[in-house]
> 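Following this message is one structure expressed as structure tokens.
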Amino acid sequence: MSLTKIIKDSLWYGVVPKLSSIISIIVLPIVTPYLTPKDYGIYGIISAYLSLFNGISTLGLHMHLPNSFFTLKQKYKLLWRRIFGTMLISCIILSTILFCFYLFILPEIPIHQRWYVAILAIIPLLFSANGLIANNFYVLIGKPQPLVLRNLLGSIISIITFFICARFFQIGYLSWIIASAFSTIAIFILFIKPIWINEKIYPQLEKSSKRQIRLLKIALPVIPHNLGHILLSSADRIIMTILGVSLIDIGLYSNGHQIGDYTSFAIIGIFTAISPAIQKAYRTNNKNLMLYYYLTTQILCSVIVFLLAIWMKEIYYILIKNEELQRSYLVASVICFSLAMYGNYAFMSTAAFIKEKTKNILYLVFIPGIINILLAFCFIPIWGYIGAAFAMLIANWTNSLIPIFIEFYKKEMKNMLGDIHPVFYIILLNTVLFIFSIFIKETSIFIKITISLGTAYISFFFYRKKLSPLNNQ
């Protein structure tokens with residue numbers, strides 16, 4: 001898989017599906033004058049709890065989708081229907097529980113408004129299963145267009161709704177909640193015909209308790225893995241409420257986290273596009289190809305986050321027409337870098353999922369998630385909401401140290417890369433880039449342009465001389 005192919009598919013999987021979010025970035029200068037840190041704070045708390053319940057809703061059963069696609073051949077759809085049905089039931093139950101949560105954790109909202117806020121806020125959880133099935137199906141068959149275009153249409157509905165609510169009705173945090181609800185329902189409906197009718201992948205009740213138990217026995221350990229992602233991405237705002245951080249500071253952090261997390265468009269897109277190729281290389285034990293994919297994607301991610309981090313102040317100046325919110329650019333820069341070593345997780349999880357070693361998956365995000373919580377409780381009282389960003393950065397990067405301490409991952413990374421030394425090279429590279437970015441963040445635009453062009457040239461030269469030959473082998 002060439003660099004051109006990786007970038008092309010990454011655009012389909014990462015950038016095109018997020019065009020609505022890119023549009024939302026463009027309209028930020030128009031809507032941010034009508035949004036306050038308090039609005040960001042309330043929605044940040046709502047989205048944190050939503051993420052928490054989303055991490056539980058699949059019961060880990062989604063891990064069987066790609067595995068059965070490769071192992072069951074033409075019969076995989078029979079299993080997918082039963083998994084689909086179980087996940088829908090789970091979403092209904094958890095949405096009811098989340099509704100009750102929202103009634104009690106939002107004291108800033110008048111009680112007579114909390115009911116309809118809670119109803120709208122649970123819709124993304126209630127209707128999430130259809131999108132998950134579609135996402136796995138189209139990625140695995142290598143046809144991103146049907147997936148991307150339908151998601152894009154639903155997302156455009158979201159951004160138009162958000163823009164109208166925020167700009168013209170000026171209803172603050174409710175703009176996000178209403179837009180998310182409309183978008184989720186639209187995407188659910190759009191996938192009914194192609195998935196349920198055309199592909200015959202529709203929800204079906206599992207009648208065999210033995211089969212259900214067998215599937216859940218393998219899948220349930222994935223829930224702490226999912227929760228680990230939540231602990232890394234959303235628990236910080238919950239911790240801030242526990243520690244009594246002001247809603248305004250939570251809002252400033254939420255804004256910085258939201259802008260910084262836009263980096264994930266590119267990062268997730270890269271690894272979504274390359275995931276089938278990684279699986280094939282792993283299953284055929286092609287070490288040269290695995291090393292090529294690893295170094296190419298990791299360096300690409302490092303360059304992306306470095307460039308975004310050093311230009312974040314200027315990005316905020318252009319996009320955020322709100323002096324209060326412009327203070328959040330430091331958080332956004334750190335959040336960018338917290339995603340720099342996502343590739344280590346992607347490669348290690350590939351091995352664990354293929355071999356169905358689900359207990360080992362806990363090490364990948366649950367332990368970093370716990371570290372994030374512990375560091376957040378330590379850092380936030382000292383440095384405030386900036387401390388939460390650094391806690392996330394450190395916790396995410398500890399993922400890269402797992403092959404040193406866990407024998408399963410040490411063995412698998414050696415099998416994939418020939419040695420674990422490439423992991424240390426990437427850790428060193430990102431450490432140097434992060435420290436460098438801190439010093440040049442406040443320099444002149446001319447210096448930043450020079451550094452940006454130099455970084456791009458060095459990266460491309462290294463790819464042509466060192467990495468491209470690995471792909472040709």
Side-chain angles (χ1 to χ4, degrees), residues 55 60 62-64 66-67 70-71 217-233 267-268 270-272 274-302 337-375 392-431 470:
H62 64 284
M63 68 154 292
H64 292 295
N67 279 353
F70 287 104
T71 58
K217 186 177 180 181
I218 297 172
L220 285 176
V222 178
I223 292 180
H225 167 265
N226 290 348
L227 289 177
H229 282 295
I230 311 307
L231 297 179
L232 282 169
S233 62
I267 306 300
I268 302 299
I270 289 169
F271 289 100
T272 301
I274 205 173
S275 176
I278 294 173
Q279 287 217 23
K280 290 177 183 177
Y282 180 85
R283 292 173 188 274
T284 57
N285 197 31
N286 191 330
K287 288 184 173 62
N288 280 336
L289 205 53
M290 290 293 290
L291 181 61
Y292 164 76
Y293 289 144
Y294 178 79
L295 291 176
T296 300
T297 53
Q298 282 283 40
I299 291 173
L300 189 58
C301 290
S302 299
F337 259 103
S338 72
L339 298 164
M341 289 191 276
Y342 180 84
N344 284 319
Y345 161 78
F347 276 76
M348 288 188 288
S349 64
T350 294
F353 278 120
I354 288 177
K355 292 193 172 182
E356 295 188 346
K357 299 292 185 180
T358 49
K359 292 182 179 178
N360 287 294
I361 294 173
L362 298 180
Y363 295 111
L364 296 182
V365 289
F366 193 67
I367 291 178
I370 296 299
I371 292 172
N372 182 45
I373 289 176
L374 295 176
L375 291 177
M392 181 180 293
L393 173 73
I394 295 171
N396 271 300
W397 284 21
T398 57
N399 200 311
S400 300
L401 302 177
I402 286 175
I404 301 174
F405 302 103
I406 307 300
E407 187 60 32
F408 172 79
Y409 290 113
K410 183 177 182 180
K411 179 182 175 181
E412 290 301 324
M413 291 300 275
K414 282 185 176 180
N415 287 339
M416 287 190 282
L417 308 179
D419 203 334
I420 62 171
H421 289 147
V423 177
F424 297 119
Y425 298 150
I426 295 299
I427 294 173
L428 179 62
L429 171 66
N430 282 302
T431 303
L470 287 174

> Say whether, by atom type as modelled, one donor and one acceptor occur between the side chain of Asn396 and the main chain of Tyr342 under 3.5 angstrom.
no
> Quick one: OG1 on Thr431 to CD1 on Ile426, what's the gap to the nearest 0.5 Å?
10.5 Å
> Once you round to the nearest 0.5 Å, how far does CG of Leu428 lie from NE2 of His421?
13.0 Å
> Report the distance from atom CD of Glu412 to atom CG of Leu417, rounding to the nearest 0.5 Å.
10.5 Å
> Is it true that atom NZ of Lys410 has more than 12 heavy atoms of other residues, nucleotides or ligands lying nearer than 6.0 Å?
no
> Can you check whether Met348 reaches Tyr363 side chain to side chain, under 4.5 Å on heavy atoms?
no
> Which is it for Thr350 and Phe271 under the side chain to side chain contact (heavy atoms under 4.5 Å, CB included) test, yes or no, and what are the steps along the way?
CA-CA 11 Å; Thr350 294; Phe271 289 100; over 6 Å; no
> CG/Asn430 to CD1/Ile427 distance, rounded to the nearest 0.5 angstrom?
9.0 Å
> Less than 3.5 Å apart, any donor N or O on the side chain of Tyr425 or Gln298 sitting next to an acceptor on the other?
no
> For the CD1 atom of Ile420 and the CD1 atom of Ile402, what is their distance to the nearest 0.5 Å?
12.5 Å
> Where is the tightest heavy-atom contact between Cys301 and Ala340, given as atom of each residue plus distance?
CB-O, 3.9 Å
> Using side chain to side chain contact (heavy atoms under 4.5 Å, CB included), reason through Tyr294 and Asn344 one step at a time and then give a plain yes or no.
CA-CA 8 Å; Tyr294 178 79; Asn344 284 319; 2.5 Å; yes
> Around atom OH of Tyr282, are there more than 12 heavy atoms from other residues, nucleotides or ligands closer than 6.0 Å?
yes
> When you measure from the side chain of Trp397 to the backbone of Phe337, do you find a donor-acceptor pair of N or O atoms at a distance under 3.5 Å?
yes
> As an exercise, state the distance from CD1 of Ile354 to OG of Ser349, rounded to the nearest 0.5 Å.
9.5 Å
> Donor-acceptor check, side chain of Thr296 to backbone of Tyr293, threshold 3.5 angstrom: yes or no?
no
> Can Met341 and Asn399 be said to form a side chain to side chain contact (heavy atoms under 4.5 Å, CB included), step by step?
CA-CA 8 Å; Met341 289 191 276; Asn399 200 311; over 6 Å; no
